[in-house]
Structures are given as structure tokens and as C-alpha cells.
Amino acid sequence: MDIIHSVDTMHALALGWRARGKKVGFVPTMGYLHRGHTTLIELMRPRCELLVVSIYVNPLQFGPTEDLTRYPRDPDGDAKKCEAAGCDILFMPESLYPPDFRTTVNVTGITSRWEGAERPTHFAGVATVVCRLFGLVQPTVAMFGEKDYQQFTVLKSMARDLAMGIEIVPGPLVRDHDGLALSSRNVYLSTEDRARALSLHQALYAIRDSRSPSAKERIALAREKLVCDKVDYLDIVDPDTLEPVELVNRPLRAIATARYGRTRLLDNVAIGP
Ligand code: AMP
């Protein structure tokens, strides 16, 4: 595995691959990698000839009061995990944007609710960084985890709307042994909060496993189970538009974000017919 820090080197290499018709797979991350990330890398391996993983903590997607400066980092550990998972090129730029960067990519509609409502500048930051990374890496296929379900739908829309010619593939949400969705932010949790946080996936499973056709009833059931300091949202939505539904009679998604102290945890589950 090669590690590249320079934006120009990454871009030149990628343009060379494109000229030679190579199939390039891409898994963008913010580092502090866990089994959720390495699962995406392993699943991407057989889908491409060259596999690029990026690690960049993107300031554009953090709000002014969020955890940008204390976001956990472990570049040496991450490099070992990437290599073991089958990565060819680890792209770790120190800075990603030119000083006179002027462009913002804004996906409308599906960004107005949920994470978009709680973090108003977040998805423009995500879409902008992913768009720039796509330009630098020139992937054929990119994978995003269903852990961040709204992010996946936003980036899929972006790639389609802008005719980027990049296949956007969902990766499965990977959980810890006790069901907690793996997240780099789980390290912030105290032992007590981590134990309380198990109620988040349990609440979503209760929604999934209920037989009630009423979304309202299922959500009420889940609210009773959820133990946290604040529920940012807990709802049942259409898997494509992310609009809330009233009737549970087709494949849907239950989504939730809950706060434990200063830490926000996201989770979601598919609801089958
Ligand atoms: P992050 O480093 O948190 O920005 O995440 C980078 C990529 O890994 C995104 O596509 C996430 O959705 C994905 N990811 C993060 N946590 C998980 C998880 N527990 N299971 C699957 N994918 C994940």
C-alpha cells in the first residue's frame, strides 16, 4: 500500500489510471477507523482493480459548536487497518482545498430534514468534500455506509444529478457485539452512557419488529424504550425521499439520533414488508 499526502500527486496518479481505463474503487472516511470502515474497504476490494481510501477530517461539514478540533485521530493505526483490509492507496491530505476555493455543492430537498435540520451546513460540507475527492481520485465506484443513511441518499442524488458517472454503492451498517452501531464518536461515551446507548438500536428494533401498521404507534413504542439525554429525531421514512410516513405497509427506514451528553449517536434500520 502507498500513502499519498499530496493532492497534486493523487490527482496525477488518478488521471493516469483513467487514461488506462482502470476500475478505481473509493472509500472516503474521516479516519479513526473501526470495523464499519474496514468492512466497506473489504467489500469494495473485489469490485475494483485499484482501491483508494481517503482519510480527511473535513472542516466544512462541522458546525461552529461541533467537535472538529477534538475529533479522534490515529493515522498510524488507520494505515495498518487499511493495508490489512486490502487498500492500494491511502490518500491522507493535510489540506484539501486551495486557498481561493469558491465552490459549494448543495443537494436540496432531502437535506432539509433530520441531520440537515439539526446541522444546517452539514450536507453542503459533505457534498462539497465528496465532490472534490471524486475529482481528485476519479473513481468508477464509491461506497458509503448505511450507518449514515441520509448521507448515502444525498451523495447518491448528487452523483446522479451531476451525471458524474460514478456508481454509488451502499455498505451495510456494522454493529458492535452488543448491537451498538460502530462509530468513531463512540470513544466519547462514558461507560454509563454507552450502556444507555444500547437502547437506541433496541428502540429501532422495536419499530422494526412491531406488527402495527401505524407509524405513530410504532414510534411511541420506540420512544418508551429509548433512554438518552435528548432525542433529536426518531421517525419512519420513505427510503428514497426520506419523507415521514403514516402507514407501515412497504419497505421503509426507521431513523434516529439521540444525544448522550455532548455526543450525538445516529442509527437506523430497514423495515421490511
Ligand atoms: P466517517 O469516517 O464516520 O465519515 O465514515 C466514513 C464512511 O464509513 C461513511 O460512508 C460511513 O457511513 C461509513 N461508516 C461509519 N460507521 C459505519 C458503520 N458502523 N457501519 C458501516 N459503515 C460505517
With distance as the sole test, does Ser210 use its side chain to make a donor-acceptor pair with the main-chain N or O of Ala206 at under 3.5 Å?
-> no
Would you say the side chain of Asp193 lies within less than 4.5 Å of the side chain of Thr263, judging by non-hydrogen atoms?
-> no
May I ask whether Leu182 and Met143 are part of the same hydrophobic cluster, defined by side-chain heavy atoms of I, L, V, M, F, W, Y residues being less than 4.5 angstrom apart, directly or through others?
-> no
Heavy-atom donor-acceptor pair, His122 side chain to Phe62 backbone, under 3.5 Å | no
Salt-bridge test for Asp78 and Lys80: reply yes if a basic N is under 4.0 Å from a carboxylate O, no otherwise.
-> no
Are Tyr233 and Glu118 linked by a side-chain donor-acceptor pair shorter than 3.5 Å?
-> no
Rounded to the nearest 0.5 Å, what's the gap from CG on Asp229 to CZ on Arg264? Could you check?
-> 13.0 Å
Any chance you could measure Glu83, atom CD, to Ile41, atom CD1, to the nearest 0.5 Å?
-> 11.5 Å
Would you mind reporting whether Thr29 and Val53 have side-chain heavy atoms less than 4.5 Å apart?
-> yes
What's the shortest heavy-atom distance between Gly25 and Cys48, and which atoms?
-> N-CB, 3.4 Å
Short side-chain to backbone donor-acceptor contact, Asn186 and Ala181, under 3.5 Å = yes
Transitive ILVMFWY side-chain link Val130 to Val24, under 4.5 Å = yes
Test salt bridge (charged side-chain N to carboxylate O under 4.0 Å, His left out) applied to Asp178 and Arg194, step by step = CA-CA 11 Å; Asp178 51 10; Arg194 197 188 174 292; 2.8 Å; yes
Does the side chain of Glu146 reach to within under 4.5 Å of the side chain of Pro170, using non-hydrogen atoms?
-> yes
Between Gln61 and Val129, is a side-chain contact (heavy atoms from CB on, under 4.5 Å) present by the stated rule, with each step listed?
-> CA-CA 8 Å; Gln61 72 192 69; Val129 75; 4.0 Å; yes
Test: Asp88 and Lys22 ion pair at under 4.0 Å | no
May I ask you to decide whether Asp67 forms a salt bridge with Arg262, counting only side-chain N to carboxylate O separations under 4.0 Å?
-> no
Test item: Ile3 and Phe91 side chains (from C-beta on) under 4.5 Å apart, heavy atoms | no
Working for side-chain contact (heavy atoms from CB on, under 4.5 Å), residues Leu90 and Met1 | CA-CA 7 Å; Leu90 176 56; Met1 183 181 79; 4.1 Å; yes
Do NZ/NE/NH1/NH2 and the carboxylate oxygens of Asp209 and Arg218 come within less than 4.0 Å?
-> no
Just how far is it from atom NZ of Lys216 to atom CG of Asp235, taken to the nearest 0.5 Å?
-> 11.5 Å
Do any N or O atoms from the side chain of Trp114 and from the backbone of Ile255 form a donor-acceptor pair under 3.5 angstrom?
-> no
Roughly how far, to the nearest 0.5 Å, is the CD1 atom of Ile4 from the NE2 atom of His11?
-> 12.5 Å
Under 4.0 Å between a Lys/Arg side-chain N and an Asp/Glu carboxylate O for Glu167 and Lys156?
-> no
With a distance cut-off below 6.0 Å to the six-membered ring centre and an angular limit of 45° from the axis, does Arg70 pair with Tyr188 as a cation-pi contact?
-> yes
Work out which heavy atom in Ala197 is nearest to a heavy atom in Leu189; give both atom names and the distance.
-> CB-CD1, 4.5 Å
With no hydrogens and no angle check, is any side-chain donor or acceptor of Arg160 less than 3.5 Å from a backbone partner on Met164?
-> no
May I have the step-by-step check of side-chain contact (heavy atoms from CB on, under 4.5 Å) for Tyr32 and Arg185, ending in yes or no?
-> CA-CA 9 Å; Tyr32 209 71; Arg185 289 187 167 104; over 6 Å; no
What one should report as the nearest heavy-atom pair of Ser184 and Val187 is O-CG2, 3.3 Å
CE-NE2 distance between Met92 and His5, expressed to the nearest 0.5 angstrom | 6.0 Å
Is it possible for you to check whether Arg208 lies under 6.0 Å from the centre of the six-membered ring of Tyr205, through NZ or CZ, and within 45° of that ring's axis?
-> yes
Under 3.5 Å, is there a donor-acceptor pair between the side chain of Glu42 and the main chain of Thr39?
-> no
Can you name the nearest heavy-atom pair linking Ile207 to Ala254, along with the distance?
-> CG2-CB, 3.8 Å
Cluster link Leu234 to Val248, ILVMFWY, side chain under 4.5 Å | yes
Can you get from Phe134 to Val107 by hopping between Ile, Leu, Val, Met, Phe, Trp and Tyr side chains that sit under 4.5 Å apart?
-> yes
Are Val141 and Phe26 linked, directly or through other ILVMFWY residues, by side chains that come within less than 4.5 angstrom of each other?
-> no
How about Arg18: does its CZ atom have over 12 heavy atoms from other parts shown lying under 6.0 Å from it?
-> no
Does the Glu115 side chain pair with the main chain of Gln151, one donor and one acceptor, at a distance under 3.5 Å?
-> no
Measure the shortest side-chain to side-chain distance between Val237 and Val245 over non-hydrogen atoms and say whether it is less than 4.5 angstrom.
-> no
Is any NZ, NE, NH1 or NH2 atom of the basic residue among Lys147 and Asp267 found under 4.0 Å from an Asp or Glu carboxylate oxygen of the other?
-> no
For the residue pair Leu96 and Arg132, what are the closest heavy atoms and their distance?
-> O-NE, 2.5 Å
Lys225 side chain to Ser199 main-chain N or O, any donor-acceptor pair under 3.5 Å?
-> no
Ion pair present between Asp238 and Arg250, side-chain N to carboxylate O less than 4.0 angstrom?
-> yes
Under 3.5 Å donor-acceptor, Arg175 side chain and Leu180 backbone = no
Side-chain heavy-atom pair Thr257, Leu265 within 4.5 angstrom cut-off | no
Interatomic distance, CD1@Ile89 vs SG@Cys82, rounded to 0.5 Å, equals 11.5 Å
Quick one: are Cys131 and Met158 in side-chain contact, heavy atoms under 4.5 Å?
-> yes
Please test Leu200 against Leu226 for side-chain contact (heavy atoms from CB on, under 4.5 Å), starting from the C-alpha separation and ending with a verdict.
-> CA-CA 6 Å; Leu200 182 56; Leu226 183 51; 4.0 Å; yes
For the residue pair Tyr97 and Tyr56, does the interplanar ring angle fall in the parallel (under 30°), tilted (30 to 60°) or perpendicular (over 60°) class?
-> perpendicular
Could you tell me whether a side-chain N or O of Thr128 sits under 3.5 Å from a main-chain N or O of Val105, the two making a donor and an acceptor?
-> yes
If you take all heavy atoms of Val27 and Met44, which pair is closest and at what distance?
-> CG2-CB, 4.1 Å
Given side chains that start at C-beta, do those of Tyr260 and Glu192 come closer than 4.5 Å, heavy atoms only?
-> no
